[in-house]
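By convention in this document, chain letters (A, B, ...) are assigned in the order of the sequence lines, proteins followed by strands, and residues within each chain are numbered from 1.
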Amino acid sequence: MDKFSVFSSRLVEKSENFTSGHRACQGCAEALAVRHVMKALGRDTIVAMSTGCMEIISSPLPLTSWRVPWIHNAFENSAAVISGCESGMKAMMRKGKIPAKKINFVAMGGDGATADIGMGALSGALERGHNMVYICYDNEAYMNTGIQRSSSTPYGASTTTSPAGKASIGQRTQKKNMAQIAVAHNIPYVATACSSFPFDLMEKVKRAAETPGAAYVHVLSVCPTGWRIPTQDAIKYGRLAVDSCVFPLYEVIEGKYRLTYKPYKKIPLTEYLKGQGRFRHLTDKEIQLIQQKVDKDYERILRLSEEEE
Amino acid sequence: MAKPMEKITWQELEAGSVVTEVGNARVYETGSWRSERPVVEASQCIKCGVCWLFCPDACIVRASDGHFEADLTYCKGCGICAKECPVGCITMIAEEG
């Protein structure tokens, strides 16, 4: 964030719909992302949440951090549950059993719940076009159960089930691009965001909630525990991921791409990788290969967003 | 405010494990996890609110004279506020005892 926009944080919604007292690790940027998202959505929201870090830390049985109606469901079906909530409420409003008003229906899940296990339910909900928002908090592994690889783990990252060593580089496959999969469903709104850019994140969530029909927001959430970085650097690494174009921030409105944040100066990938314990085994040659892939992907997004202008 | 978690017995739970009180996690004081505590130099604080915006635990509050400080009941001591403060008026000090 530049020095001139710092005071705009005072304009942000003051109420906390995701309260203190949750059990997230120190410096959890995912909990921060949830906090920002709930600020953007407000009280008239129903949340269905898959199993995962955010469910575990916010709802140990007699307690809850949520100040909105919230339901926990299994790993695979948060999109299906919120579809049911939306259809049910719509029917009750039509029959006059409850007063008609705008309610945000939001499903949330981690990257495991979205890209691996809940993929089918999510695809179905996007295809049916329910008036809902799906928010994926992507911390790039199953952090809740102890850093196991997911299909969202980037190439080369060392996790407990893809450990780096003499015979292995760590994660051998490329990160699954969930935002592009959502775009392929031809839904009205898809966006990528990061909690290190809170205004951008809140704006995108608001826009997603206002969009009639299904919307998908992919939020990169830095996990100091799983990425093996110091807790105070959680915000910094989110910023580095965006500035090094590993995770470009863009939105796709009715198929039209728009790059919402263009780094003033693209920083080299090593800046982003070198401080993270999960990437420390990578050699310069391997980083070079990853850099080429990142450049190629970013070029594509850039080209698509310029085509539309 | 709800009772502390350890005082709630199973007989008091709702059927289906529904939690009827919103936001009652506030009774759980995460401040006990902390090994370092943020100390704000109030005279240098420009009251921009960046620490408040980036605190994952929502524990930054505004003091009566307008500057921001951490509510140590919930602060886990991650140090994000000290790192992100644009004027560097927050320092992390080790907790003793």
Side-chain angles (χ1 to χ4, degrees), chain A residues 1-3 5-12 14-36 38-39 43 57-72 195-196 198-199 202 221-222 224 230-236 238-239, chain B residues 1-10 12-14 17-31 33-36 38 46-62 66 68 71 73-87 90 92:
Chain A
M1 198 189 303
D2 63 57
K3 290 241 162 85
S5 57
V6 285
F7 289 91
S8 36
S9 54
R10 296 226 201 125
L11 305 173
V12 173
K14 295 281 182 299
S15 66
E16 303 286 351
N17 291 325
F18 184 70
T19 62
S20 314
H22 61 73
R23 276 110 157 127
C25 307
Q26 293 178 324
C28 178
E30 194 170 354
L32 178 63
V34 175
R35 187 181 157 222
H36 288 154
M38 291 318 295
K39 275 183 189 299
R43 290 299 295 273
I57 60 123
S58 65
S59 65
L61 176 56
L63 304 181
T64 177
S65 283
W66 299 86
R67 296 180 64 84
V68 297
W70 179 91
I71 181 168
H72 164 231
S195 52
S196 302
F199 299 106
M202 284 187 260
S221 331
V222 178
T231 54
Q232 70 269 28
D233 287 346
I235 308 297
K236 183 182 122 188
R239 223 172 266 149
Chain B
M1 194 61 81
K3 285 198 268 185
M5 193 169 111
E6 54 279 5
K7 299 243 170 74
I8 301 171
T9 59
W10 66 269
E12 292 167 57
L13 296 179
E14 298 283 329
S17 299
V18 177
V19 182
T20 48
E21 189 183 358
V22 294
N24 60 2
R26 285 185 74 84
V27 299
Y28 185 77
E29 296 176 359
T30 50
W33 300 13
R34 192 172 56 239
S35 60
E36 282 185 325
I46 57 167
K47 299 160 189 165
C48 63
V50 165
C51 51
W52 171 80
L53 191 65
F54 280 127
C55 179
D57 294 294
C59 77
I60 307 279
V61 288
R62 265 194 115 165
F68 289 81
D71 178 355
T73 326
Y74 301 108
C75 174
K76 291 173 189 162
C78 64
I80 286 180
C81 50
K83 178 97 183 177
E84 297 300 323
C85 178
V87 291
I90 307 177
M92 299 303 287

Relative to chain A, which of B:Asp57, B:Asp71, B:Thr73, B:Thr30 shows the most heavy atom pairs under 4.5 Å?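 Winner by heavy-atom pair count: B:Asp57.
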Hey, which of B:Pro56, B:Gly31, B:Cys59 has the most heavy atom pairs under 4.5 Å with chain A?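 Looking at each of B:Pro56, B:Gly31, B:Cys59 in turn, B:Pro56 comes out on top.
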For [X] against [Y], the heavy-atom pair lying closest together:
{"X": "B:Tyr74", "Y": "A:Ser20", "answer": "CG-CB, 3.5 Å"}
{"X": "A:Pro62", "Y": "B:Val19", "answer": "O-CG1, 3.8 Å"}
{"X": "A:Leu63", "Y": "B:Tyr28", "answer": "CD1-CB, 4.0 Å"}

Less than 4.5 Å apart, any side-chain heavy atom of A:Thr231 and any of B:Ile80? no
Quick one: what part of B:Cys55 sits under 4.5 Å from any heavy atom of chain A, side chain, backbone, both or neither?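 Interface part for B:Cys55: both.
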Give, as side chain, backbone, both or neither, the part of B:Lys83 having an atom under 4.5 angstrom from any heavy atom of chain A.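 Looking at B:Lys83, just its side chain touches chain A.
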Chain B contact via [X] - which portion, at a heavy-atom distance below 4.5 Å:
{"X": "A:Ser58", "answer": "neither"}
{"X": "A:Arg67", "answer": "both"}
{"X": "A:Lys39", "answer": "side chain"}

Could you have a look at A:Gln26, A:Arg35, A:Glu30 and say which one has the most heavy-atom pairs with chain B under 4.5 angstrom? A:Arg35
When heavy-atom pairs shorter than 4.5 Å are enumerated against chain B, which of A:His36, A:Arg23, A:Lys236 gives the highest number? A:Arg23
Between B:Glu84 and A:Arg239 (salt bridge meaning N to carboxylate O under 4.0 Å), is one present in this structure?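 Yes.
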Would B:Asn24 and A:Thr64 count as a side chain to side chain contact (heavy atoms under 4.5 Å, CB included) here? Give the steps. CA-CA 6 Å; B:Asn24 60 2; A:Thr64 177; 3.6 Å; yes
What residues form a ring pair (Phe, Tyr, Trp, His ring centres under 6.0 Å) with A:His22, not counting sequence neighbours?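 By the ring pair (Phe, Tyr, Trp, His ring centres under 6.0 Å) rule, A:His22 matches A:Phe18.
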Listed by chain and number, what are the side chain to side chain contact (heavy atoms under 4.5 Å, CB included) partners of B:Ser17, not counting sequence neighbours? A:Leu61
To the nearest 0.5 Å, tell me how far B:Arg26 CZ sits from A:Glu16 CD.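 B:Arg26 CZ to A:Glu16 CD: 8.5 Å, rounded to 0.5 Å.
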For A:Lys14, does the NZ atom have more than 12 heavy-atom neighbours from other residues, nucleotides or ligands under 6.0 Å away? yes
